[in-house]
Each structure stands twice: as C-alpha cells, then as structure tokens.
Amino acid sequence: MKSTLAVAAFVAMTLTAPVRAQEKLAITPELVSAAEQEGEVTLLYSSPLNAMHAFVEAFNQEYPNITVNLERKAGSAGVQMLLEESQAGVHRIDVFQGTDAGANATLVKENLFVAVEPEEVEQFLPSALPMAPYLYYPDRNRSLIMYNPNYVTEEEAAKLQSWEGILDPAFRDKISLVEPTFGVTLAPLLYIMETPSLGEDFLRKLKQQNPTIFVNTAQARDAVISGQKPISWGAQWESVAFSEFERGAPIRFAYPKPTVEYGTNGWGVLANAPHPNAARLFYAWGVGRGGATAMQGPAYNGLPALKKVEDGRAVVAKLKSESWFKFPEEVWNPNLDSWINNGTAYQQTWTKIMKSAN
C-alpha cells in the first residue's frame, strides 16, 4: 500500500507550545503497585461505547484492581468540557481520548497534557506521532463508503471506488451525508478541498444528488441498514464497518482511490490527573501492545499504528473470502497543519453549499 502524502510534522503546535521535558513511560512493578493503591482512573473518550467497554475489559483482565470510569463525549464536545473544567480549577479526568485534531491541538496548546515517551515509541508509524509527546494516536482510521447490497448492485458499487463515482445519476436520492464537524467526517472533506479536480465544484454536484444530511454517523448507518438511504458517503470508517458486517448487518463497503487514512484517536495523560499513577498505567497499556491487541477485538476492530503488529482482526479472514471485498491499494494522509488551520473554513464552505436553498 502506498501513501500519496506523508503526515506533516506538527509545526503549528511546536511554534506555540515549546516541548516540555519528556517523561519516560513504562509499565513497572512500582507503577502497578502505585496505580492499584489509587484504585481507579477516569477516561474521557470518543470511541463507540461498546468498543471502549471491550477495551477496558481487556485492560481489567491484566489489572483487575483498577476501576476504569468511562465518560463519553465525542469530538469537540469533550474538548470544550475539559477546557471549561480546567479553567475552573476542576480536575476530574485522568486520561483523554479524542478524534477532533483541531480541538485536540487546542488542549495541547493550553498545556493540559504531560509530555511522555511511551516505551515502544520507536515502533509507532508516523500517523501516531504528529502531536507527540503530548498526544499519541495508537490506531489508524480508513474512510470508506458503506452501502446496502439489497439496494445497490455490485456494478453500481464499483463506481464508488472513484471519488467522482458518487455523482453517477444512479445514486440520486440514495445518499446520506453527515455534517463534517469531527474527525471521521472532516478528513474526507480535507481530501475533497485539497484536490484540484474536486473542491467546491464537486460539492455542488454532490448536492445535486439530493442527499439527506444527518448530524451523526449512527443515523447514517441506520439509514443504510434499513434501506432508507442505502449509501452513507464520507461518514463511515473501517472499524465500525467491520463490526457491523461481523454482526450480520446488510452492508458492504468500498474504499475510494485513494483512501483517506489518518490517526484515529489521540490519547493523552492529563497534567492534573487526580489519579496520576493509574492514569499512566492505563495509558501505557493502551498505547502499547496490550492496547494494540485489545483494539483488534470484534467490538473495536481497530487497526494498530504499531509496526510489526499483525492485523489480527478475526473478521478480516471472512472478508477476504468475499468477492466484493479488497483492501485499499493507495492511501492519502491528511496534512495535520492544514487540518487545524483550514478545517473550520472547509466546514463553513460545506455548510454554505449543502444547506443552501438551491
């Protein structure tokens, strides 16, 4: 698989937030003992609920004496809450996981995280490192197009492997979009806006396909499964698609060429974590090989960003036996500086076009 654009160094952040002394982070008997004395850790996260429950269950199989308190606020909502609490001197959260790159960068700029160096930092792919040493992205995301084969033929689905394919008249009135307000919905928009052959003209043509616009990705998936809107475009990702397929939902999916791929969830340890040792233990496990193994389970189906970690997702073997399935041959990695600096303007452009009266 080749990449058409390497992940950029996080220049915008380093210009405004000098790197603080990095703390070497490793799981030691001393850290485990101190974490068990604290007995709990609170995680603010963005991942789907069932995925995180499975992830925590795997952690507790190794560390049963530590309770993980889960608090879910996806995307920028969690970031805003964390900022407000920090400014008010309220420190409840130990570990953060968030998908919104721009919002995550704001937290980094506000010095909310400890600068750490995980034990296996040299084994991370570049996609995991753009906000290091404050946030690491231990899993990778691939955007795809989900469709219901009861309403979309394989001949039609083959057209979805091209970005322009969605403009085919056969797809009019069959498409749903999701407002690009966070990572999984914003990353494809970056590709559109930064590809000269697409851009605003492509968005205007897409609007002429009469898409239904949802506010979250779950609504779009439900519409695919029910057949109400049998194509979810620019709003779904690999791990959730694999999980839906594994549970028997009537879905298939296509990877457009190139496929947008980027670090999924940024993880960080809060500088004012009320349970600092438990936070470090959970974090070190989560971004290390323990987490890399756990995220490949059927509830999560994540793709680790650690080198030399095999793709052990059980569903992959089943998918490879399907004639319609194939992994992407070419990926495109968003430039993180552009994501942070231009994301809001791209969102505004999308909204202006898609919600206009014409």
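On a predicted model such as this, the values are computed, not experimentally measured, just so you know. All values below come from the heavy atoms of this structure, side chains included, with hydrogens, waters and symmetry mates left out.
- A centroid separation of less than 6.0 Å is found between the aromatic rings of Phe253 and Phe242.
- Put simply, the side chain of Gln209 gets close to the backbone of Asp168: a donor and an acceptor are under 3.5 Å apart.
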| request: Tell me, with the steps shown, if Thr217 and Trp237 meet side chain to side chain contact (heavy atoms under 4.5 Å, CB included). | output: CA-CA 10 Å; Thr217 60; Trp237 65 101; 3.7 Å; yes

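- Residues Val41 and Tyr283 are not in side-chain contact: their nearest non-hydrogen atoms beyond the backbone lie 4.5 Å or more apart.
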| task | Kindly indicate, with the supporting measurements, whether the criterion side chain to side chain donor-acceptor pair (under 3.5 Å) is fulfilled by Gln37 and Asn277. | result | CA-CA 9 Å; Gln37 289 181 36; Asn277 295 295; over 6 Å; no

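- Residue Tyr137 is tested with Asn104, Asn265, Thr264, Thr99 for a side-chain hydrogen bond (donor to acceptor under 3.5 Å, both in side chains); the sole match is Asn104.
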| task | List the steps and the verdict of salt bridge (Lys or Arg N to Asp or Glu O under 4.0 Å) for Lys205 and Glu164. | result | CA-CA 10 Å; Lys205 292 177 181 177; Glu164 292 88 348; over 6 Å; no

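- Side-chain contact check for Leu203 versus Leu189: some heavy-atom pair is nearer than 4.5 Å.
- With contacts defined as side-chain heavy-atom distances shorter than 4.5 Å, the pair Ile145/Gln236 does not qualify.
- The closest side-chain heavy-atom distance from Val90 to Glu84 is not below 4.5 Å.
- Residues Glu156 and Ala170 come closest through the heavy atom pair OE2-CB, 3.8 Å.
- No donor-acceptor distance shorter than 3.5 angstrom exists from the side chain of Ser33 to the backbone of Glu30, with no hydrogens or angles considered.
- We find that Arg140 and Glu238 are not joined by a salt bridge, their nearest charged nitrogen and carboxylate oxygen being 4.0 Å or further apart.
- Electrostatic pairing of Arg204 and Glu200 counts as a salt bridge here, judged by a charged N lying under 4.0 Å from a carboxylate O.
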| Could you go step by step and tell me if Gln97 and Ser47 meet the side chain to side chain donor-acceptor pair (under 3.5 Å) rule? | CA-CA 8 Å; Gln97 182 222 50; Ser47 290; 2.8 Å; yes

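- Ala305 and Ala128 get closest at one heavy-atom pair: CB-CB, 4.0 Å.
- Put simply, the side chain of Tyr300 does not reach to within 4.5 Å of the side chain of Arg313, judged on heavy atoms.
- With Asn148 contributing its side chain and Val224 its backbone, the two residues share a donor-acceptor pair below 3.5 Å.
- Looking at Thr185 and Trp350, their side chains never come closer than 4.5 Å, going by heavy atoms from C-beta outward.
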| said: Checking Leu44 against Met81 for the side chain to side chain contact (heavy atoms under 4.5 Å, CB included) test, could you report, in this order, the C-alpha distance in whole Å, the side-chain angles of both residues, the deciding distance, and whether it holds? | reply: CA-CA 10 Å; Leu44 179 66; Met81 185 201 76; 3.9 Å; yes

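- Closest heavy-atom contact between Ala115 and Tyr134: CB-CE2, 3.7 Å.
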| query | Going through the checks in order, is the salt bridge (Lys or Arg N to Asp or Glu O under 4.0 Å) test met by Arg280 and Glu38? | reply | CA-CA 12 Å; Arg280 283 161 173 78; Glu38 293 172 351; over 6 Å; no

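- Using a distance-only test at 3.5 Å, with no hydrogens or angles considered, no donor-acceptor pair links the side chain of Tyr191 to the main chain of Pro258.
- Tyr136 is listed as a side-chain neighbour of Pro118, based on a closest heavy-atom distance under 4.5 Å.
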| Can Phe282 and Val269 be said to form a side chain to side chain contact (heavy atoms under 4.5 Å, CB included), step by step? | CA-CA 9 Å; Phe282 181 67; Val269 175; over 6 Å; no

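- Trp285 and Phe55 have their aromatic ring centers within a separation under 6.0 angstrom.
- Remark: the backbone N or O of Met354 is paired with a side-chain donor or acceptor of Lys207 at under 3.5 angstrom.
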| request: Under the side chain to side chain donor-acceptor pair (under 3.5 Å) rule, what do Tyr262 and Asn141 come out as? Steps first, then yes or no, please. | output: CA-CA 5 Å; Tyr262 58 97; Asn141 202 359; 2.9 Å; yes

| Residues Lys257, Gln161; criterion side chain to side chain contact (heavy atoms under 4.5 Å, CB included); working and verdict | CA-CA 6 Å; Lys257 183 178 182 180; Gln161 296 174 21; 5.7 Å; no

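- By the rule that hydrophobic residues join a cluster once side-chain heavy atoms approach within less than 4.5 Å of another member, Val68 and Tyr45 end up as members of one cluster.
- Remark: the backbone N or O of Ala292 is paired with a side-chain donor or acceptor of Gln296 at under 3.5 angstrom.
- Screening Trp163, Phe214, Tyr147, Phe171 for a ring-ring contact (aromatic ring centres under 6.0 Å, His included) with Trp233, the sole residue that qualifies is Trp163.
- Side-chain atoms of Ser226 come within 3.5 Å of backbone N or O of Ala223 as a donor-acceptor pair.
- At least one side-chain heavy atom of Tyr346 sits under 4.5 Å from a side-chain heavy atom of Glu194.
- Considering every non-hydrogen atom in both Leu144 and Pro256, the closest pair reads CA-CD, 4.3 Å.
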